[in-house]
There are 2 protein chains.
Amino acid sequence: MRIGELSERTGTPRRLLRYYEEQGLIVADRLPNGYRVYDESNLDRVMQIRGLLDAGLPTRIIKQILPCLNKPRIIHFPDATPEMLATLEDERDRMTERIRCLTRNRDAVAEYLDAVREKLESPV
Amino acid sequence: MRIGELSERTGTPRRLLRYYEEQGLIVADRLPNGYRVYDESNLDRVMQIRGLLDAGLPTRIIKQILPCLNKPRIIHFPDATPEMLATLEDERDRMTERIRCLTRNRDAVAEYLDAVREKLESPV
DNA sequence: TCGAACCCTCACATTGATGTGAAGGTCAAG
DNA sequence: CTTGACCTTCACATCAATGTGAGGGTTCGA
């Protein structure tokens, strides 16, 4: 598929798909005329990227995380330098912390909403 | 305490404490000379804010979420307009989605790290 | 062969969260 | 009374993600 279709199917502006490519997050083959072509696997990948960006991770980090996400258990350790592993550990912990924070706050919001709803339904 | 102490204790640049105040996320009393003064409760609040910002929420949304976080179950519904409730529901769901995304990816990273570590310890 | 609907690159603008520093007031200690 | 460590406001700079549009090529159907 070309960029327009990927854009529609992922709800992502073309501009951003090109940006993600520039940042090394996705790769696209090219048709002889220079048009980008994507296969189905890019769909998931783009959704991943968007989700992570939305969760506050910068592209620089996402780039390091993506290779860990190969479906097949064929984990490949191409250039797993110690610093890179340290970065990943760090990032794993930061993600855990984010999850904790989000969960706590999400629950508080949910509780609040439930309370309001209760008040509205039986205003004493 | 004054801004310097709050800054140190929360690890937050003064600049940002002023920014959060400007955005309506925290309030500060003033000494007769104009200096900001904070009480202990601002410590938690600032950490909340930082955590949520780091998790990708914009100040505009954080501002709406914070009032849901009153420790005492005295939930107050000062101006719980329907649109605001809708916003909160929306945001609750977005947070849930973020949590899902982060968890999935965090687990993948953790798995990857475990696998690498295993390889390193017993290189077959 | 023309127009619509794609695609390309390039470049400048905007937005939100920050960094940085200038110009100046306050206050306690030497 | 001065110095240093605070504080104030204001303003301009930066960075990453994103918006927008110009200027131009490709492809396809009427």
Side-chain angles (χ1 to χ4, degrees), chain A residues 1-39 42 45-66 87 91 94 97-98 101-102 105, chain B residues 1-39 42 45-66 87 91 94-95 97-98 101-102:
Chain A
M1 83 190 95
R2 281 171 306 174
I3 202 172
E5 187 180 342
L6 184 61
S7 166
E8 270 192 25
R9 290 174 67 185
T10 61
T12 308
R14 288 143 230 254
R15 169 73 174 87
L16 289 186
L17 294 176
R18 299 196 184 101
Y19 175 67
Y20 298 154
E21 179 178 341
E22 187 182 305
Q23 300 304 306
L25 302 185
I26 51 180
V27 278
D29 281 344
R30 297 295 184 124
L31 292 176
N33 60 12
Y35 289 10
R36 273 164 259 250
V37 265
Y38 303 92
D39 55 31
N42 281 300
R45 175 158 278 232
V46 169
M47 297 311 286
Q48 282 288 348
I49 293 170
R50 303 228 92 204
L52 290 172
L53 276 174
D54 185 59
L57 281 77
T59 56
R60 173 179 41 87
I61 296 299
I62 297 178
K63 190 175 171 179
Q64 310 221 254
I65 287 179
L66 284 176
T87 303
E91 218 46 45
R94 283 172 58 81
E97 190 39 54
R98 270 185 266 248
C101 175
L102 279 173
N105 285 280
Chain B
M1 84 191 94
R2 281 171 307 173
I3 202 171
E5 187 179 342
L6 184 60
S7 167
E8 268 192 26
R9 290 174 69 185
T10 60
T12 308
R14 287 143 231 254
R15 169 73 173 87
L16 290 187
L17 294 175
R18 300 197 184 100
Y19 175 66
Y20 300 154
E21 178 178 341
E22 187 182 303
Q23 301 302 308
L25 303 185
I26 51 180
V27 279
D29 282 345
R30 298 294 184 125
L31 292 175
N33 60 11
Y35 289 11
R36 272 164 259 252
V37 266
Y38 303 92
D39 56 32
N42 281 298
R45 174 159 278 233
V46 170
M47 296 312 285
Q48 281 290 347
I49 293 170
R50 302 227 93 204
L52 290 172
L53 276 174
D54 185 60
L57 281 79
T59 56
R60 173 179 40 88
I61 297 298
I62 296 177
K63 189 174 173 181
Q64 309 222 255
I65 287 179
L66 284 177
T87 302
E91 218 46 45
R94 284 172 58 81
M95 290 168 86
E97 189 41 52
R98 268 186 266 248
C101 175
L102 279 172

Return the value, rounded to whole Å, for the distance between atom [atom1] of [X] and atom [atom2] of [N].
X       : N      : atom1 : atom2 : value
A:Arg18 : C:dC10 : CZ    : C1'   : 11 Å
A:Glu22 : C:dC8  : CD    : C1'   : 14 Å
A:Arg14 : C:dC6  : CZ    : C1'   : 8 Å
B:Leu17 : C:dT18 : CG    : C1'   : 13 Å
A:Met1  : C:dC7  : CE    : P     : 12 Å
B:Asp54 : C:dG16 : CG    : P     : 19 Å
B:Ile3  : C:dC27 : CD1   : P     : 17 Å

Side-chain N or O of [X] closer than 4.0 Å to phosphate OP1/OP2 of [N]:
X       : N     : result
B:Arg36 : D:dC7 : no
B:Arg2  : D:dC6 : no
A:Asn33 : C:dC8 : no

Protein-proximity profile, nucleotides 13-25 of chain D, B/S/- by nucleotide at the 4.0 Å heavy-atom cutoff, equals ---SBBBB----B
Close side-chain approach of A:Asp54 and A:Arg50, heavy atoms under 4.5 Å:
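No, every pair of side-chain atoms sits at 4.5 Å or beyond.
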Taking C-beta and beyond as the side chain, do B:Leu17 and B:Arg36 meet within less than 4.5 Å on heavy atoms?
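They are not in side-chain contact.
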Of all the heavy-atom pairs spanning B:Glu91 and B:Ile61, show the shortest one and how long it is.
CG-CG2, 3.1 Å
Once you apply a heavy-atom cut-off of 4.0 Å, does A:Leu31 come out as touching a base, just sugar-phosphate, or nothing?
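The residue A:Leu31 makes no contact with any strand.
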Distance-only, no hydrogens or angles: does the B:Ser7 side chain make a donor-acceptor pair with backbone N or O of B:Thr12 under 3.5 Å?
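Yes; at least one donor-acceptor contact below 3.5 Å.
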Counting N and O atoms only, with roles assigned by atom type, does the side chain of A:Thr10 sit under 3.5 Å from a partner on the main chain of A:Leu6, one being a donor and the other an acceptor?
yes
Set of residues satisfying side chain to side chain donor-acceptor pair (under 3.5 Å) with respect to B:Glu5, sequence neighbours excluded:
B:Arg9
Is the shortest side-chain N to carboxylate O distance from B:Glu97 to B:Arg94 below 4.0 Å?
no
